[in-house]
Structures are given as C-alpha cells and as structure tokens.
Amino acid sequence: GGMMYNIPGPDVSHRDIGKALSGGGQDAPLVVIATTSSSGKLLRELRGPGRLVLTATSPNDPQNETELPWVFTEVIASPQTDANGDGLVSVLEIFKACHAGVKASYDKGNFMIKEHALLDGNGDGKGTARPADADAEPAAKIGLTLPTSGSGGFD
C-alpha cells in the first residue's frame, strides 16, 4: 500500500525504494534528496546508518506539486549556498537554502505554505525542519565540493 512512484517500467513504492537502497550508507554515506510531493513518506523506509535524507514534504503534507525541485536547482547553482565559504556545499547548507527558498517562493505568491522540507541527518528515520545537532552535525560534513578545475561531486 501507500504511494507509488511512476517511473519507466513498473511503478515502485516507498518500500521498494527502501529495499533497493538497503545496503547503501554502510561503507560510504548515502545521500537521498527526494523532491516529490510524497517524499516525506520515504523517511521511515530509508532510515539506517550512514543515511542522510532531505525530503520536500513531511509525511502529512497534502499531495500537491512541490516547489523544491526548482528551488534546489537554484540552490546548487548559487555560490552563496556555501554559507561558511569552506568549499563544501554541505547537505545542511543545501537544506537550509532550500528551506528558505521554498518559503520565499510561497511568500512571493502570497500562498499558504503546503510543503515542509525535512532533513534526517543521522539516519534515524525522523526528519526535522529545524535540525538539532544529531541531524545537523552529520549533514554539515557531507556535501558537494565546489568545482575548482571542472570537477565536483559528493564527498
């Protein structure tokens, strides 16, 4: 039961995605950025050691189109996302910039916010909009390195 994701081939559920990623995060951190309207339901399925999950919504948000995909592309392209200037755009910095960008998008349209991005930085399956140290510390250490010679990627 639950939400199904329409992808090429058979649709998959939250459980299918969790099962497919079941080994990830043990030898190296696994970062999942889920931007769909039902992404909050992935938090529980993706819990585990070495997991960092950023979702566009909370599990109780209504099923509406999300602003996070558009905001995320702007956040990744902006040098200002590296708030501390260390050359690493951490998952925490991405989350904070996305959270602010989504709020700004709703404010600009004078709409009530109907998506609440969450971060699970310690793999316990519980996302939060205001990360405490348990979620913030791991999420501050993992991220994208800023390209210096044409390279870049998750560290």
Side-chain angles (χ1 to χ4, degrees), residues 3 5 7 12 14-61 64-108 113-155:
M3 295 298 302
Y5 293 88
I7 59 172
V12 296
H14 295 100
R15 287 189 188 103
D16 295 332
I17 294 170
K19 198 185 257 186
L21 298 175
S22 64
Q26 294 178 12
D27 297 327
L30 173 66
V31 177
V32 177
I33 299 173
T35 64
T36 66
S37 64
S38 60
S39 57
K41 295 184 185 335
L42 282 170
L43 287 167
R44 197 174 128 210
E45 298 299 332
L46 294 180
R47 68 179 176 245
R51 308 283 181 93
L52 294 97
V53 182
L54 189 162
T55 64
T57 63
S58 76
N60 298 320
D61 283 347
N64 292 319
E65 181 179 358
T66 57
E67 294 296 314
L68 186 69
W70 318 114
V71 170
F72 178 76
T73 58
E74 293 172 4
V75 162
I76 291 301
S78 172
Q80 284 79 31
T81 303
D82 182 17
N84 63 6
D86 67 354
L88 176 74
V89 180
S90 72
V91 173
L92 182 62
E93 289 170 322
I94 291 169
F95 173 76
K96 287 180 175 182
C98 284
H99 199 274
V102 166
K103 182 182 181 317
S105 176
Y106 277 86
D107 288 349
K108 181 178 178 185
I113 297 175
K114 294 198 175 196
E115 67 183 274
H116 302 87
L118 299 178
L119 175 67
D120 175 9
N122 63 359
D124 66 359
K126 298 173 185 167
T128 179
R130 293 187 177 97
D133 288 348
D135 288 305
E137 286 178 8
K141 295 176 184 169
I142 307 290
L144 294 167
T145 53
L146 295 177
T148 52
S149 59
S151 66
F154 273 101
D155 275 351

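We number each residue from 1, following the sequence as shown. What you see is a predicted model; the values in this text were computed from it and never measured.
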Going by side chain to side chain contact (heavy atoms under 4.5 Å, CB included), Leu68 matches just one of Thr57, Thr55, Leu54. Which one?
Leu54

Using 0.5 Å steps for rounding, measure from the CG atom of Asn122 to the OG1 atom of Thr128.
10.5 Å

The reported gap from CZ in Phe72 to OG1 in Thr35 (rounded to nearest 0.5 angstrom) is 8.5 Å

Taking every heavy atom of Tyr106 against every heavy atom of Glu115, the minimum-distance pair comes out as OH-OE2, 3.0 Å

Tell me the closest heavy-atom pair linking Glu67 and Ser105, and the distance in Å.
OE1-OG, 3.2 Å

Going by heavy atoms in the side chains, are Asn64 and Ser37 under 4.5 Å from each other?
no

Minimal non-hydrogen separation, Pro59 against Gly40, with atom names:
CG-O, 3.5 Å

Are Leu30 and Arg51 side-chain neighbours, meaning at least one heavy-atom pair lies under 4.5 Å?
yes

Could you report the tightest heavy-atom contact between Gly87 and Asp82, atom names first, then the distance?
N-OD2, 2.8 Å

For the student: nearest non-hydrogen atoms of Ala56 and Ser39, plus distance:
N-OG, 3.0 Å

Is there a donor-acceptor contact under 3.5 Å from the side chain of Thr81 to the main chain of Val75?
yes

I'd like to know if the side chain of Gln80 reaches the main chain of Ala97, judged simply by a donor and an acceptor atom lying under 3.5 Å from each other, with no hydrogens or angles considered.
no

Atom pair CG/NZ of Asn60 and Lys41 - distance to nearest 0.5 Å
6.5 Å

How long is the gap from CG on Asp120 to NZ on Lys126, to the nearest 0.5 Å?
9.5 Å

Can you tell me how far apart CD1 (Ile113) and NE2 (His99) are? Round to the nearest 0.5 Å.
7.5 Å

Rounded to the nearest 0.5 Å, what's the gap from NZ on Lys141 to CG on Leu88? Could you check?
12.0 Å

Quick one: does Ile94's side chain get under 4.5 Å of Leu144's, heavy atoms only?
yes

Check whether any side-chain heavy atom of Asp61 lies under 4.5 Å from a side-chain heavy atom of Ser58, and answer yes or no.
yes

Sub-4.5 Å side-chain heavy-atom contact between Thr36 and Thr66:
no

Which heavy atom of Leu52 sits nearest a heavy atom of Pro29, and at what distance?
CD1-CB, 4.2 Å

